[in-house]
Amino acid sequence: MAKNLVIVESPAKAKTIKKFLGSNYKVEASMGHVRDLPKSQLGVDVENDFEPKYITIRGKGELLKHLRKEVKKANKVFLATDPDREGEAISWHLLFSLNLADKKFYRITFNEITKNAVKNSIKQAREINMDLVDAQQARRILDRIVGYKISPLLWKKIKKGLSAGRVQSTALKLICDREEEINSFIPEEYWSLDAKLQDKKSKDEFTATFYGKSKKMKISSKEQVDEIIEYLKDKEYIVSDVKESERLKKPLLPFITSTLQQEAAKKLNFTTSKSMRIAQQLYEGIDVKGKGTVGLITYLRTDSTRISDDADKAVKEYISSSFGEEYVNNNKISSNKKNNVQDAHEAIRPTYVDIYPDDIKESLSRDQLRLYKLIYNRFVASRMKPAKYATKSIKINGGDYRFNASGSVLIFDGFLKVYNISDDKEDNQKIGNINKDSNLNLIDLSKKQHFTQPAPRYTEASLVKTLEENGVGRPSTYAPTISTIQKRGYVSKEKKNIFPTELGEIVNEIMEKYFEDIVNVKFTAALEKELDEVETGNIQWKEVLRKFYPNFYETIEYAEEKIGKIEIKDEVSDVLCDKCGRNMVIKIGRYGKFLACPGFPECRNAKPLYEKVEGVSCPKCSGEIFIKKTKKGRRYYGCENNPECDFMTWNRPTKEICPKCGTIMVEKGKYLKCNNEECNYSVLK
C-alpha cells in the first residue's frame, strides 16, 4: 500500500508523474479548484475587513470524499498543484478541505514534468507560501468586488448578461480608443519617388529611393513630384558616398506566455485561448510512442526568459553536434527585464532537447506538433549565434537632389538555420559592384501616391502585447480576458481584427464616465504592482482592498443614481421566422450571435446566424454558402440548403474554377487549390 499521497490538479498531469515515483506513492487529481467564493452572492464581508466566504465548489463533494479517504491511508501528503499563485491557493484550499492540519503535509512545485524535477521537488518540499496565497486572494477578491458591484448596474441600466472587470474593461477601453482614433483619422497625401539605375560597367540594375537635399524631404502632391521628375530627367547620377559594414541580427529569446501567444497567432493563426489549451496539454503530458506519457514543455504561465543551467548546457551540446561549434552562442544572454517580471519560473522551453518534433509527430495532433515545433525551434535558436549580414549603403546625387540605395547579403545564417523571422525583409538587391567611381545610367523614374494610415485595429496578438507592455493583467489573464469580451458581445472579429460593437461602445462609455480608475491603464498597472508587492510580503493583502474600496463604493452609489435606462435595439435581419413570419432579430448569447423571433415569449423560435461568403454560390445547387462550425468548433464552409445539398469544404471557396477538372477552387494559404482531392491543380493567388 502506498505510504505517500501526491495531489496534482489534472488527471493528465497525474498520469505523467505516476511513472516517476515508485510504488510508495499514489497520485490523485483535485480537478482544479475545490473551494471558491459563491457564485450567487458577493461572498466577501466588506464590513468585516473583507473577510472572504469560501464554499466547496458544486460537484466536488464526491471527489473530496475520495481524497479524504486517501489522505487517511497516507503517512505524508504532497500538494503538487501548479507553481504559481493560483496553484499555491489551490493547495491552501486543499489543506482546509482535506483537514490536513494534523497530517504531515508538504508543498512541492516543479516547472517541468520530468523525473529529475519531480524527484528533486520532493527533496525540496516546503510549507505553503502564504504570501503567494494572499496575492491570489487579493486579486480574486478585488476582481470579485469590481465584477459583482458593476455588473448588476449594467444589467439594470442596459440589459442582463453583461459584465465588467478590472482587466477586461481596460482591454475594452484600449479597443474602443483605437476605433475612435481610426474614425477620427484624417489621411494625408504623400508621394514616393524611385530611380531605377544601372551600373554601366557591371550592367547590374538597382532601385534608389528619393531622399531630398540636405534634409529628408516630404513630397506632398502630384504637382511637386512631377516638377522634381522634370528636373531629374536629364541629370547625371553620381555615387557620392559608399559605406560597407556588417550587421548582426540577434536571435529572439525563448518564449514567455505573452510572446508565445503572439507568435502562435502570427505563425499558426491560433487564438490566445487555443495556444494556452494546447500548451497545457504539452506541459501536462502526451502519450509518446515508445516513451510513455511525457511532459514535453515547461510551465506555460511565465514572464521570465531565464532557463536552467542544465537546459542551457544540453541545448548547446545539441547545437554543436547538429550544426557545428561555430553556431553555439557562448556569450551571456540577457533580456531587458521589466520591474514586474515574476522570475519564479523558467521560460517556456522543451523539457527534453533530444525529443525532436519530427520524431514524435505520430504521437501528436497536427496542432500539438505545430506548437511544440514552434517552442522547440525558438528555444534552440535562442542559444545560437546571431545571423550576420554584409551591408552596403550608397548615396547618389542627381543634380541638387539625393537618392539612397542599400543592399545586404547574408554571410552567416546563425539562428536563422532553425528559426525564420517571417516579417524579416532583407534588401538583397545587387549593389555589390557599386563604388564611388561607378558610372550610372538612369533607366526610369517612378512615382507613387500614398496616404498616411491610422494605427491598425488590434488583433489578439497585438492586444496581448499592449496589455503586457502597459503592465495590465498577468500571463494567465490574457486569454480569458479576450474570450470574455467576445462572449459578452462587446467586440467582434473580422478576420484577425478586433473592433467594438455598439454594445461594447456603450458599456465603455459608461465605464469611462463613471469608473474612470477601473479602465485607466496607468491605474490598473499601478494596482497590479501593489498585488505583486503582496506576493513579496511588502504589503498586507487586505491593505490593498482597504485603500481601493471606499472611493469605489462612492462611485457605485453615484453611478446608480445618475445613469438612466439605456435601450439597445436588436438589429433586424432579412430572415423571416418560419413559425410566425416576422423578421428575426440578431441577438448575442453565450456562444455568440444567433437569430431570434421578436415575438418572444409567444414565439420562441431561434436559429443559428451564419456569416455569408459574399459573391460565391454553391457549385452543386447555386445556393448561398455560409461559414459554419462543427460541434467541436472547427470552421467549415457549407451550403444553405443542407441537408438536401451536401456541399462543404474546410477551405474558403472562391469564384475561380479549376481549368483542369472544372471543380471550384478554394483558398489554401498563398495558393488557390482545386477542391477535388483527386486533382492536384494549384496556383499562386
Report task. Could you pull out the closest heavy-atom pair between Tyr148 and Gln41, with the gap in Å? Result -> CE2-O, 3.3 Å

Report task. Could you go through the ring pair (Phe, Tyr, Trp, His ring centres under 6.0 Å) check for Phe523 and Phe515 one step at a time? Result -> CA-CA 11 Å; Phe523 177 83; Phe515 302 98; over 10 Å; no

Query raised in the report: Charged N to carboxylate O under 4.0 angstrom, Asp367 versus Arg370?
Result: yes

Report summary line: Which of Lys493, Lys496, Lys465 passes salt bridge (Lys or Arg N to Asp or Glu O under 4.0 Å) with Glu460? It is Lys493

Query - Non-hydrogen atoms of Asp134 and Val534 that approach each other most closely - result: C-CG1, 3.8 Å

Query raised in the report: In chain order, what residues pass the side chain to side chain donor-acceptor pair (under 3.5 Å) check against Thr114, with sequence neighbours excluded?
Result: Glu112

Requested in this report: Tell me whether the centres of the aromatic rings in Tyr299 and Phe110 are closer together than 6.0 Å.
Outcome: no

Requested in this report: Check the surroundings of atom NZ in Lys388: do more than 12 heavy atoms from other residues, nucleotides or ligands lie under 6.0 Å from it?
Outcome: no

Report task. Quick one: list whatever passes side chain to side chain contact (heavy atoms under 4.5 Å, CB included) with Ser163, sequence neighbours left out. Result -> Ser151, Gln168, Thr484, Arg488, Tyr490

Report task. Sort and list the pairs that fulfil salt bridge (charged side-chain N to carboxylate O under 4.0 Å, His left out) and have at least one residue in residues 44-57, not counting sequence neighbours. Result -> Asp49-Arg546, Glu51-Lys542

Requested in this report: If the plane angle is over 60° it's perpendicular, under 30° parallel, otherwise tilted; pick one for Tyr318 and Tyr376.
Outcome: perpendicular

Query - Residues in side chain to side chain donor-acceptor pair (under 3.5 Å) contact with Lys13, at least two apart in sequence or another chain - result: Asp82

Query raised in the report: Side chains of Arg107 and Thr81: do they bring a donor and an acceptor to under 3.5 Å?
Result: yes

Query raised in the report: Hey, does the side chain of Arg474 reach the backbone of Asp303 with a donor-acceptor pair shorter than 3.5 angstrom?
Result: no

Query raised in the report: If you draw a 6.0 Å radius around CE in Met31, do more than 12 non-hydrogen atoms from other residues or ligands fall strictly inside?
Result: no

Query - Donor-acceptor side-chain pairing of Glu86 and His33 below 3.5 angstrom - result: yes

**Report entry** Derivation and outcome, salt bridge (charged side-chain N to carboxylate O under 4.0 Å, His left out), residues Arg166 and Glu528
**Finding:** CA-CA 10 Å; Arg166 197 172 52 86; Glu528 210 67 69; 3.4 Å; yes

Query raised in the report: Between Ser462 and Thr459, do the side chains contain an N or O donor and an N or O acceptor separated by less than 3.5 Å?
Result: yes

Query raised in the report: Which residue pairs pass the salt bridge (charged side-chain N to carboxylate O under 4.0 Å, His left out) test with at least one member in residues 91-103, sequence neighbours excluded?
Result: none

Query raised in the report: Under the side chain to side chain donor-acceptor pair (under 3.5 Å) test, which residues partner Thr271, sequence neighbours left out?
Result: Ser273

Query raised in the report: Going by atom types alone, do Arg85 and Gln137 pair a side-chain donor with an acceptor below 3.5 Å?
Result: no

Query raised in the report: Around atom CZ of Arg366, are there more than 12 heavy atoms of other residues, nucleotides or ligands at under 6.0 Å?
Result: no

Query raised in the report: Asn470 side chain to Thr466 main-chain N or O, any donor-acceptor pair under 3.5 Å?
Result: yes

Query raised in the report: What do the steps show when you test Glu263 against Lys373 for salt bridge (charged side-chain N to carboxylate O under 4.0 Å, His left out), and what is the final call?
Result: CA-CA 12 Å; Glu263 197 75 343; Lys373 191 178 278 191; over 6 Å; no

Query raised in the report: Can you check whether Thr293's main-chain N or O pairs, donor with acceptor, with Thr16's side chain at less than 3.5 Å?
Result: no

Query raised in the report: Taking atom CG of Leu374 and atom NZ of Lys266, what is their separation to the nearest 0.5 Å?
Result: 10.5 Å

Report task. Locate the shortest heavy-atom distance separating Leu300 from Ala279; write the atom from each residue and the value. Result -> CD1-CB, 3.9 Å

Report summary line: The side chain to side chain donor-acceptor pair (under 3.5 Å) partners of Arg144 (sequence neighbours excluded) come to none

Query raised in the report: In terms of ring plane angle, is the pair Tyr54 and His93 parallel, tilted or perpendicular, where the classes change at 30° and 60°?
Result: perpendicular

Query raised in the report: After noting the C-alpha distance and the side-chain angles of Leu371 and Ile375, does the key distance pass the side chain to side chain contact (heavy atoms under 4.5 Å, CB included) rule?
Result: CA-CA 6 Å; Leu371 192 65; Ile375 293 167; 4.1 Å; yes

Query raised in the report: So, for Lys76 and Phe78, which heavy atoms are closest and what is the spacing to 0.1 Å?
Result: CB-CE1, 3.9 Å

Report task. Name all residues meeting the side chain to side chain contact (heavy atoms under 4.5 Å, CB included) criterion together with Ala164; count only those two or more places apart in sequence or in a different chain, and write none if there are none. Result -> Ile150, Leu154, Ser169, Met511

Query raised in the report: Listed by chain and number, what are the side chain to side chain contact (heavy atoms under 4.5 Å, CB included) partners of Gln368, not counting sequence neighbours?
Result: Ile278, Gln281, Leu282, Ile286, Leu364, Ser365

Query raised in the report: Can you list the residues that meet the ring-ring contact (aromatic ring centres under 6.0 Å, His included) rule with Phe415, with sequence neighbours excluded?
Result: none

Report task. Using the salt bridge (charged side-chain N to carboxylate O under 4.0 Å, His left out) rule, collect all pairs that involve residues 316-330, keeping only residues at least two apart or in two chains. Result -> Asp312-Lys316

Report task. Heavy atoms only: give me the nearest Val464-Ser258 pair and the separation to one decimal. Result -> CG1-CB, 3.7 Å

Report summary line: For Ser363 and Lys289, the nearest pair of non-hydrogen atoms, with its separation, is OG-N, 3.0 Å

Query - With Phe552 via ring-ring contact (aromatic ring centres under 6.0 Å, His included) - residues at least two apart - result: Phe548

